[in-house]
Each structure stands twice: as structure tokens, then as C-alpha cells.
Amino acid sequence: MMAMLPIRRDLHFPLAADRVRDWNPKGEHVTQFFNTLSLFFPVGERFFIHSVRQFRARVRDPQLQQAVAAFIGQEAMHGREHDDYNRKLAEAGLPVPASEAQVARLLEWVKRTLPAEFQLGATIALEHYTAILADILLREPRLIEGAPADYAALWRWHALEETEHKAVAYDVYRETVGDGPRAYAIRTVSMLIATAIFWPLVYGYHYRMMKAHGQHRDLRGWWQVLKFQWGTPGCLRRSVRPWLDYFVPGFHPWDHDNREFLADIDRIARDFDAALAA
């Protein structure tokens, strides 16, 4: 069933705290766009783990069971590294705790209120988003070109592992919820709702991040980040077509086959091991 079998890797990226506000050479507005995405990862990935675990006992395919274990391990490592990243953002005077708490309250409401199938539907929708953005980062070097090695390595590692496990939650959904009309309706409606909630939060939190250090009135900076997102290199512009693909009946994440990038995980792991041995 599995196109790729993920592997849990225990890597740690000691980010330089003094660069957390300006690590992307394209300016603080672009840096804070990436930093804003980091706000969602720890609580979001814990929610993904929770959603998949609810269906774990119903998975019968042994290889998918193995993939679920690796998925949980990878998401736990991502959460740990972005917890550390977000602590550095908070120590730099950015409004991280309040934003993270708001996301956590929203996801706790989802867990209390919505049926487990819809929670898993939200998970596979957001996993598709992370897979899209990961693919764009891997294909477009200009997104993090010139960044310090520690920040570039963290973002690339995260993108690679999101690619490696991008179909795991989806395959759990397909095996346990199904792939008929009802399952299609749940996953597509979940994507529409997730999109309607996620991007307003991203832009709202991004504004808060810029306001914390008085950069919210810098129109040139806002124009630069909008060009970055929707012009050149266009990280969000490039996401539109693969986002629409999700609504095709019979869609599967590995229809977007980019496994050629995954060989780079081995290099990152070797560099990590070499740094520990030095």
C-alpha cells in the first residue's frame, strides 16, 4: 500500500537565537512569514498524532501500521524542534505564546466537538498543505537561499520528512473511513473549512509578529512578502494547482510523486552525526 515507508530520525537543530528575527536574507517580513508558520507546528502536529491514533487499532495492513508508528515519531520530532524554535521567537519579544494558545484552544474545541472522522479529515487536509509547501520549498532554492546553515537545514529537514510521510494519514483515512461518496465529502469539506480558517490565522499572526517590533507600517516590507508569496518565487501562487488536485475523485498524495528529493535526508542525517562526533 505504501509508496514510501517513513523513518523516525532523532535530529536536533540548535538554532542561533540572535538570527531568529532576520534569518531569511529577503528581509524581516519574509522571515516572519516562515516564523509564523512555525507557530502552528507543535500544537498542530500533536493534533495530527491524536487524530491518527484514534484509528490506529482499525488499521489492518501491517506496512501501514509500521508507517503510522514512524509518522507519529516524525511528527513528535518536528513538534520538539519547533517548540525550541518558538521559544527563541518568544525570547526575542514576539507574541508567540498567545498565538500558540489560541491555536491550541481551537484544536481542543475540534477534538471535543467533531466526530473522529472529521478530525482525521482535517488532518489529511492540513497534511496535504504541508506536503504542497514542502514540495515548493524543495523545488525552489530561492525560498531559503542564503539563510544561515542551521535555519536552512531545519526547514529542509522538515520539508523532506513531511514529503516522506505525506500519504500516511491519508492511507489511514482511506482504509478506515473509506473512499466512497461519504468519505470524499468529508475530506473535501474538511479541506474547504481548514483553508478558510488557516490562512486568516496565518495573516493575522504575521501582522502581530511584525507589530511586535514596529514593522507593521513598513509598506515596502509587506509588498516584498506579497511578491515572495504570489509573484516571484511565488510560494503560495505555486500551491494553487496542487491544492485543487485534492478535490479530484480518487486523488492520492503520491499522485504528486517527488520522492527524488528524499535522498537528501541521508545527507542531512550524516551531517548531523558528523557534527555530534566533532
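In this chain, residues are counted from 1 in sequence order.
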Non-hydrogen atoms of [X] and [Y] that approach each other most closely:
X	Y	result
Ala90	Val96	N-CG2, 4.0 Å
Arg60	Ala57	NH1-O, 2.8 Å
Leu120	Ala169	CD1-O, 4.3 Å
Gln119	Ser51	O-OG, 3.6 Å
Leu137	Leu143	CA-CD1, 3.5 Å
Asn24	Thr31	N-OG1, 3.0 Å

For Glu117 and Tyr173, which I'm curious about, is there any donor-acceptor pair between the side chains at under 3.5 Å?
no
Just by distance, with hydrogens left out, do Asp171 and His252 show a side-chain donor and acceptor under 3.5 Å apart?
yes
Which pairs, with at least one residue in residues 183-197 and sequence neighbours excluded, count as a side chain to side chain donor-acceptor pair (under 3.5 Å)?
Tyr129-Thr195, Tyr170-Arg187, Thr195-Trp243
Who passes salt bridge (Lys or Arg N to Asp or Glu O under 4.0 Å) against [X], sequence neighbours left out?
X	result
Lys211	none
Glu28	Arg21
Asp255	none
Glu100	none

Shared hydrophobic cluster, Trp199 / Leu192 (ILVMFWY, side-chain heavy atoms < 4.5 Å):
yes
Membership question, hydrophobic clusters at under 4.5 Å side-chain separation (ILVMFWY): are Ile7 and Leu64 in the same one?
no
Does anything in residues 98-118 pair up under ring pair (Phe, Tyr, Trp, His ring centres under 6.0 Å), and if so which pairs, sequence neighbours excluded?
none
If a pair satisfies ring pair (Phe, Tyr, Trp, His ring centres under 6.0 Å) and one of its residues is in residues 53-72, list it, with sequence neighbours excluded.
Phe71-His165
At what distance, to the nearest 0.5 angstrom, does [atom1] of [X] lie from [atom2] of [Y]?
X	Y	atom1	atom2	result
Leu201	Leu39	CG	CG	10.5 Å
Gln74	Leu160	CD	CG	10.0 Å
Arg58	Thr176	CZ	OG1	5.0 Å
Ile186	Met191	CD1	CE	15.0 Å
Asp135	Ser239	CG	OG	11.0 Å

Do [X] and [Y] have ring centres separated by under 6.0 Å?
X	Y	answer
Phe251	His256	yes
Phe228	His29	no
His82	Tyr85	yes

Pairs involving residues 229-239, ordered by first then second residue, that meet salt bridge (charged side-chain N to carboxylate O under 4.0 Å, His left out) (sequence neighbours left out)
Glu140-Arg238
Taking only residues at least two apart or on different chains, which pairs with a member in residues 144-163 satisfy salt bridge (charged side-chain N to carboxylate O under 4.0 Å, His left out)?
Arg9-Glu161, Arg156-Asp264
Side chains of Thr163 and Phe261 in contact at under 4.5 Å (non-hydrogen atoms):
no
Between side-chain atoms of residues 214-222 and protein atoms elsewhere (two or more places apart, or another chain), which donor-acceptor pairs fall under 3.5 Å?
unit_1: Asp218; atom_1: OD1; unit_2: Arg220; atom_2: N; d: 3.3
unit_1: Asp218; atom_1: OD1; unit_2: Gly221; atom_2: N; d: 3.1
unit_1: Trp222; atom_1: NE1; unit_2: His216; atom_2: O; d: 2.9

Is atom CH2 of Trp223 surrounded by more than 12 heavy atoms (other residues, nucleotides or ligands) closer than 6.0 Å?
no
Listed partners of Lys88 passing side-chain hydrogen bond (donor to acceptor under 3.5 Å, both in side chains), at least two apart:
Asp84
Angle class for the Trp23/Tyr151 ring planes (parallel below 30°, perpendicular above 60°, tilted otherwise)?
parallel
With sequence neighbours left out, the residues meeting side chain to side chain contact (heavy atoms under 4.5 Å, CB included) with Asp257 are Trp254, Arg259
